[in-house]
Amino acid sequence: ADEDALYHDELQLLLQQGALAQVISAFSRETHEKVYVQHKIVEYSSLLARLLAAGAHVYVCGGTAMAREVKLAFIAALAPGLTKKEAKEHIGSMQAAGRYLQDVWG
C-alpha cells in the first residue's frame with residue numbers, strides 16, 4: 001500500500017524532470033501472488049543488462065536473504081551475454097567500483 005511506496009513523490013518528480021525514464025516497483029504484500037524485486041529483475045533482464053553494460057549503478061537495501069536473491073537475479077540477467085562465472089565477476093567488479101552497493105541486515 002501507500003506506506004510501502006517509499007520516495008513515491010520524489011520518484012515522480014524525477015520522472016517529470018526526465019532524470020528517470022521509468023520506475024518499476026515490486027510489492028510483495030499487495031496481492032495474493034507475491035512479486036519480489038528478483039522477479040522484476042528477471043522480467044526486465046534484457047533492459048537491465050543493457051543498463052549495467054552502460055554503467056548503471058545498483059543500490060540494494062533490505063534483508064540479507066533478499067539481497068542474496070537479488071544478486072543472483074542480476075547474475076542471471078547478465079548470463080545471456082556472459083557465462084555465469086563472468087557475470088559473477090562483473091557484479092564483483094561493480095562492487096569494487098562502488099556501482100553495486102548493498103545496505104543489508106538480518
Side-chain angles (χ1 to χ4, degrees):
D2 289 340
E3 68 269 7
D4 289 331
L6 302 176
Y7 303 108
H8 176 267
D9 294 341
E10 292 87 345
L11 291 170
Q12 290 304 308
L13 181 61
L14 290 169
L15 281 167
Q16 291 169 2
Q17 294 173 339
L20 293 176
Q22 184 176 10
V23 173
I24 302 164
S25 300
F27 295 104
S28 62
R29 294 178 255 188
E30 297 269 323
T31 63
H32 72 284
E33 186 176 335
K34 304 292 184 196
V35 178
Y36 295 107
V37 173
Q38 54 269 33
H39 297 141
K40 293 295 184 174
I41 293 169
V42 170
E43 182 180 346
Y44 290 91
S45 62
S46 77
L47 170 64
L48 292 170
R50 288 193 312 272
L51 291 171
L52 293 175
H57 287 68
V58 175
Y59 300 94
V60 179
C61 184
T64 55
M66 178 276 306
R68 182 174 43 254
E69 293 301 317
V70 165
K71 186 184 262 186
L72 290 172
F74 271 111
I75 290 168
L78 292 170
L82 303 172
T83 66
K84 189 172 182 178
K85 181 179 184 237
E86 290 170 334
K88 285 182 180 181
E89 289 171 353
H90 184 72
I91 296 294
S93 68
M94 286 178 65
Q95 286 179 294
R99 288 184 41 227
Y100 190 102
L101 301 170
Q102 299 180 96
D103 182 5
V104 298
W105 57 88

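For clarity, every value in this text was computed on a predicted model and none was experimentally measured.
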Hydrophobic cluster identity match, [X] and [Y], side-chain contacts under 4.5 Å:
{"X": "M94", "Y": "L48", "answer": "yes"}
{"X": "I91", "Y": "L51", "answer": "yes"}
{"X": "I75", "Y": "V60", "answer": "yes"}
{"X": "V70", "Y": "L47", "answer": "yes"}
{"X": "Y100", "Y": "L72", "answer": "no"}

*Does any pair with a residue in residues 39-51 pass salt bridge (charged side-chain N to carboxylate O under 4.0 Å, His left out), and if so which ones, sequence neighbours excluded?*
K40-E43
If you measure from [atom1] on [X] to [atom2] on [Y], what distance do you get to the nearest 0.5 Å?
{"X": "Q102", "Y": "Q95", "atom1": "CD", "atom2": "CD", "answer": "5.5 Å"}
{"X": "K71", "Y": "E69", "atom1": "NZ", "atom2": "CD", "answer": "12.0 Å"}
{"X": "T83", "Y": "L78", "atom1": "OG1", "atom2": "CG", "answer": "10.5 Å"}
{"X": "L82", "Y": "K88", "atom1": "CG", "atom2": "NZ", "answer": "13.0 Å"}

*With sequence neighbours excluded, residues passing side chain to side chain contact (heavy atoms under 4.5 Å, CB included) with L101*: Y59
Looking only at non-hydrogen atoms, find the nearest pair between [X] and [Y] and report the distance.
{"X": "A77", "Y": "A49", "value": "O-CB, 3.7 Å"}
{"X": "S28", "Y": "K34", "value": "O-CD, 2.8 Å"}
{"X": "P80", "Y": "A76", "value": "CD-O, 3.3 Å"}

*For residues E86 and H90, determine if any side-chain heavy atom of one lies less than 4.5 Å from a side-chain heavy atom of the other.*
no
_Heavy atoms from other residues, nucleotides or ligands near NZ of K84 exceed 12 (cutoff 6.0 Å)_ = no
*So does Q22 have more than 12 non-hydrogen atoms from other groups sitting under 6.0 Å from CD?*
yes
_Side-chain donor or acceptor of R99 paired with backbone N/O of L52 under 3.5 Å_ = yes
